[in-house]
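Structure first, then comments.
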Amino acid sequence: MLELSDIRAGYADVQILNGVDLALRPATITTVIGPNGAGKSTLFRAIFGLIRVRSGSIRFGAEEITNEKPARLLARGIAYVPQGRNVVARLSVRHNLELGAVTLADQSLVAPRIEAVMDRFPALRQHQARKAGDLSGGQQKLLEIARALLLDPKLLLIDEPSIGLSPNLVRDVFKVLQGLRDAGVTVLMVEQNTKAALAISDDGLVLELGRARMHAPAAQLLADPAVGRLFLGAAIEG
Amino acid sequence: MRGHREAIGVAVVVAALIVAPLGQGNYIAYLLCSWLMLAIAAMGLNLTLGYAGRISLAQASFIGIGAYATSIVTLAHYPWVLGMAVGVVLCFVVGLLLGFPALRVRGHYLAFVTLAFNSLFFLVARNEDWLTGGTYGLSGMPRPRIGPVSTSGQLAFYYFTLAVALLAAVVLRLIVRSPWGRAFKALRENEVRAESLGLDVRRLTLLAFAIGSAYGGLAGAIEAPLVQYIDPGSFDVVQSLSLLLMVVVGGLGEFWGPVLGSAVAVLLPEALRVTAAYYLMLYAIAVILLMTRCPGGLIGLARRIAARPARRRGAAVS
Amino acid sequence: MRGFMPMRRAAVVAIAGALVAWHAPAQAQNNKTVLIPCVCELSGAGAVSGTNYRDGAHIAVNEINAAGGILGHKIVMHDYDTQTNPMVSRALVQKVVDAGAYVVMGTVYSGSTDVNMLVTEHAGVPQITGSEAPDITQKGDPYIFRTSSGSEKDIPALVDYFTQTLKVKKVAVEWVQNDFGKGGHDLFVQAIRKAGVQVVADVPSEQGQVDFSPDVAKIKQSGAQAVFVYVNEEEAARFLKEAKKQALTVPLVGDVTLTDQKVIELAGPAAEGAIAHVGLTVSAPVPSIQEFVAKFRKIYHHNTDHNGIKGYIGVYAIKYVTEMIGTFDRKAFAAKMHGLTLDAKKYPGMLLTTSWDKTGELSRESFMTQVKGGKAVVIATIPAN
Amino acid sequence: MAQFLQVLLSGLATGSIYALAAVGFSLVWQAAQAVNFAQGEFVMLPAFLVLIGEHWLHWPLWAALLFGFALSILLLGLAFKRLIVQPFGPDGGLPLVIATMALSILLKEAVKTFYGAEAEPFPSLLPNGTFHVGGAVVSVRDVLNLLAALAVVLLLTLFLDRTKTGRQMQAAAQNPGVAEILGVDVARMTLYAFLLNAALAAVASFLITPVYLAKFSNGESLGIVAFIAAIIGGFNRIRGALVGGLLIGVLDNLTATYVTLSYRAALPLVLLIAVILWRPQGLLGDEEARIV
Amino acid sequence: MTSPHLSVRGVFKRFGPVVAVNDVSFDVAHGEILGLIGPNGSGKSTLFNCILGQTAPDAGSVEVDGRRVTGSRACDLSLLGVGRTFQQLAVFPGLSVLDNIIFAAQEHRGGMLGRLFMRPDAGLTEEADRMIEFFRLGAVRNKLAGDISYGQRKLVDAAMAFMAGPRLVLLDEPAGGVNPTMLAELRERLLTYNREHGTTFVVIEHNMDFVMSLCGRIMALAEGRIIADGTPEEVRAEQTVIDSYLGG
């Protein structure tokens, strides 16, 4: 599915990723956990071509995609939902959705696909004419996820979806992600809310100081006390 | 060692400036006077913009305030020094006031506020005939006497201007080399950090405007007896824009930048006279090219050229 | 070292620049030429007037040189751009004086002439200006000469026109707030009040103003029986258009510009009926002027305004006066010109018979003109005063 | 009352012209963070391109207009972006401002040198004639100018809101980071903003030059008024530039009629300072937008 | 017991509906090194800003040495002997390293006008050189701060915070982006400085190894409240702290 080998990347003279290796199983949810500064967001930005990968290679299926532009990656079936608020506030909900499909070659597919995602997220249908900036934080996050689905991605990268959301909404978001996985989409997620995230995940990846320390079934990580200590400074062996 | 060589450099330039107009016509002396006058104003703007990082598009209005104050005082037969002092102090105070918007807004917004101020100054200078002579302006300002020596001759006035300009340059040099200079740069580079280290950002911002404006006033005090005629049109927004051009073309935040930039603005038309009507176009194209290729201005360009052979030498060694 | 390099470079550039400046004047006089530089407004606000003045002057120079020059000397005329900046104009006049100019042509804007005439006076070099502000000839400068009469000469004729021909009691004044407009405005208001006429609306406008509707609306409401319009060409055209739009039907009377060919071209039918006093006009019913206008058009492919004529006759005046004194003597030139009358029949380059008084002020026949059928026609001739 | 109506209507007509120049200025400012000090010259130049077509190339008016429009888009849109703005990268800062100032000198001087310093009449594209409204005389042309400006702003708003490309432009200007991850071609959208600005400048030029007359120095005051209008109205809103332009046109006339003639130019300046200091997002702008 | 160096009483701050700091009170003794930890969004930075006068708290007060400083400007705090570093790099890139460090103390010398007539370095070169030596920055002393490596800039940042001889320093993520070797160096320098000068430190840090080995006392924040306060060992063992990181 997605294979990273020995990825190194960073900003200016700071290297954040110091050789990350990773291979995702198709149609799974994998949660990346690790203390702040471990390089989780940077990892996503590197995969999605927003910062340059200095060395190493990224393969998607059989294709080499290292340092490809976002527009190309979208066309290959990778979508990315960054952390924070990423709706275009002054455009309506419907138009935000439509922006998710600008790279779609056959524009006649856009309308039916918007219908399809609105079926999945009835709240968006209800508010489709409102400005995206007027939605609540949770609704905005749903909108972003919905927007990422417009191209029918095979791989969804989602960064900290729970930030600023109430527990109920977090549950909703996670349910959506599970639904996607069941529909065959591979999900790679970064999440602070580690326990809840691992609970819905198939696999977990522990990132520390820009390196992948553990890659194991989520249940195994959940049970491992070392994971808890990791956040408080105890290094993980191996 | 570095200071030593720079001192030699300055001495050579000063010597060149002293002999420059000798044996030349009055024109050259006049041209050099207008250059030095503009250089003083540009140095002031460079303090506000280049060192302290706060833009002002109102420098011409301060030249105007200085020139009107000097004209009114000297036309009433008081000495030039008094007129100059009134002009400089007035500019300092008005500059202080103009600094207040800079505490609230930055960048383009500040540029437009100061530009609006300059336009308002123009309107006042044109409409208040009783004080400024309105559109007719003021004329016939006497040139200063220094003791028994009159500076009414072009050459004498040149040396007078040179002395004032050198004095202004020395004072500015002392300011920017004092702890204040470091504080101005700190203000430009990172205001929040500077404040956290004890800098009273508010007061220093106001001072940057006040001192820069006072230099404009000093330039005005030279312009009045130099041209012996002033009118509102000499101090409109276009003049402020061209001063900005001089400062940036010379090299923003470089001590000698404005001196070089104003020299280019004054002497280039002369050098390009062979191109007749095209000279302004050539100047404009040159400025666009300079800005796109080397935003650091002429001084930045000189640095780059100076650094290049050194690098090549370094490469040859390794 | 790093601090020093740019310093040295700064010095080199400055010195190089200065050296270039040095050499420019060096290539002047051999004994078969005479330097008559043209210093005028080739850019900035005065560019229209200045370029016409220059172009007119160059026509004269080429004609005179083709016919053998002045006393066998070819005229060398270089152009200097003041950028409509008094400070620059002073520098350039200083420069041409340093270079040995025989007579200086220019400048047109009074603000500049006010300043640079100090230089020619000091150096004793005659200067032929295109300025019309009153104070130019009131300073006792023996070296300044006009090429058209100052506004103080025109105003009495205009006041007479308002009081005797139009017989109005209330006038409005529309003027532009620059030295040209203010000069005319001040003189006119003073004189017309003295003549017992009330100024019911005094409306200043900005140079480059586009919307004249408040101006015209104010004048309309003031109940003025006639309007004195003293603005530059483009503004005159815009004012006339707005006046026509708002159906301002009282006579619109101006000085020089209002019936100018350019204004008619720009204002179109709105210019119909406008009246102006003109000292020198491209539409004067004089064959010599019409010939010149055609000549100008043929050479430059556009029409000139009266500034082109001013430049042309200025150069010819230099030729005639110099040939009268028989030598290139600046002092004798100035002395000869004071109180001189050049008859256009004998001196065709003057186009119209012209006299200068002791102050350098000029007088010659002038005209009241009115726009009729898209052309300014002379409705009255006012003798030289 | 008639007088009030008269100056009000004229002010609206003049203001509509300011608005057209201001709208394009806002577009470029938002899309590329570039303050264009040559904006006034951008409105001056297209009229001369038409005059060149008409008088030098002896083309019929419609061909000359087409020529002027196309060349404007090429020079003031494409070339301006590629040759002047682009080399500075995403944050041109002061050197970019200086470069646009130099560009304004270049355009002015080029027109003056190669075409001429004198004002030239420009063929009116709109019918002449006047009609009366409540005692005020209104020219058909003024009304059509105003309508044209409103129509252009309306069309532009429709384009930006109702077309996919327009919405992509909005996304690219408001949030380039998000636009990029959605695959929007941000560079292309920025280019569109420049092209639109050039087109708007050309339309403004063709509408106003019959009144302003074609002159090389026309842009000097117009450029500044456009900035003022854009800032007062709120530069992050197309409507803001429209309202700012109309407001200045009307206020200018009302000041001249009822308050002061000598200081008629002062009111917009005072308003500008007040808006910048107390409501920098402008009268209609909202705070969420990018600040320069 | 002596009075506390820094005393925070009932500080409360909300942004719209979000309560960022919820009634936080604590004291810091003279010479103590206090670490402030907590997951993202727990309110650490807001608390810092409230202490440092960057943000006005909605309620509560801050006292330094018994003097109420709530609402003071940052420059006044600096003159009171409170120094700080920033999470985002905060050096002056266009000034040399030496000038950066001299500047950090010059505003504490003489009056505003007096500084105009001082020697260009305000008599601080020697002291600055000692600081440069202390942070082992000698090799880059005359380079522009914009031209040196990230880690070196971090050291310059810290050197600036110490240069004015503050008695209380607030460090905002000093370890962020610093490589492991440089990190050990930084910790060692901070500890030495604390030992030699008795300076009080408050440190926000995510790098747990670093903060646990640096601080004598750790305070954990979650959702704007203090959830643990004690020695590193105690806090590390606290299940609520682990839970706060792992999420409910």
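Each chain gets a letter, A, B and so on, in the order its sequence line appears, and its residues count up from 1. Below, each value reflects all heavy atoms present in this structure, side chains not excepted, and no hydrogens, waters or symmetry copies. Predicted model only: the values in this text are computed from it and were never measured.
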Under 4.5 Å from a heavy atom of chain D, the part of A:F48 involved: side chain
Residues in side chain to side chain contact (heavy atoms under 4.5 Å, CB included) contact with D:S72, at least two apart in sequence or another chain: D:P46, D:L49, D:L76, D:A202
Close approach to chain D in residues 102-118 of chain A, criterion heavy atom under 4.5 Å: A:V102, A:T103, A:Q107, A:V110
Among D:V178, D:V184, D:D185, residue most engaged with chain A (heavy-atom pairs, under 4.5 Å): D:V178
Partners passing side chain to side chain contact (heavy atoms under 4.5 Å, CB included) against D:T163 (at least two apart in sequence or in another chain): D:F159, D:T165
Chain D contact via A:R72 - which portion, at a heavy-atom distance below 4.5 Å: neither
Ion pair A:R25/A:D203, N-O distance below 4.0 Å: yes
Side chain, backbone, both or neither of A:V87 within contact of chain D (heavy atoms, under 4.5 Å): backbone
From A:T28, A:T186, A:T30, A:D202, residue fulfilling side-chain hydrogen bond (donor to acceptor under 3.5 Å, both in side chains) relative to A:R181: A:D202
Engaged part of A:L99 at the chain D interface, taking heavy atoms whose separation is under 4.5 Å: both
D:F42 and D:F80 aromatic ring geometry - parallel, tilted or perpendicular at 30°/60° bounds: perpendicular
Those residues that, when tested against A:Q83, pass side chain to side chain contact (heavy atoms under 4.5 Å, CB included) (two or more places apart): A:S41, A:D159, A:E160, A:I163
The single option from A:L73, A:L50, A:I158, A:L156 passing side-chain contact (heavy atoms from CB on, under 4.5 Å) against A:Y80: A:L50
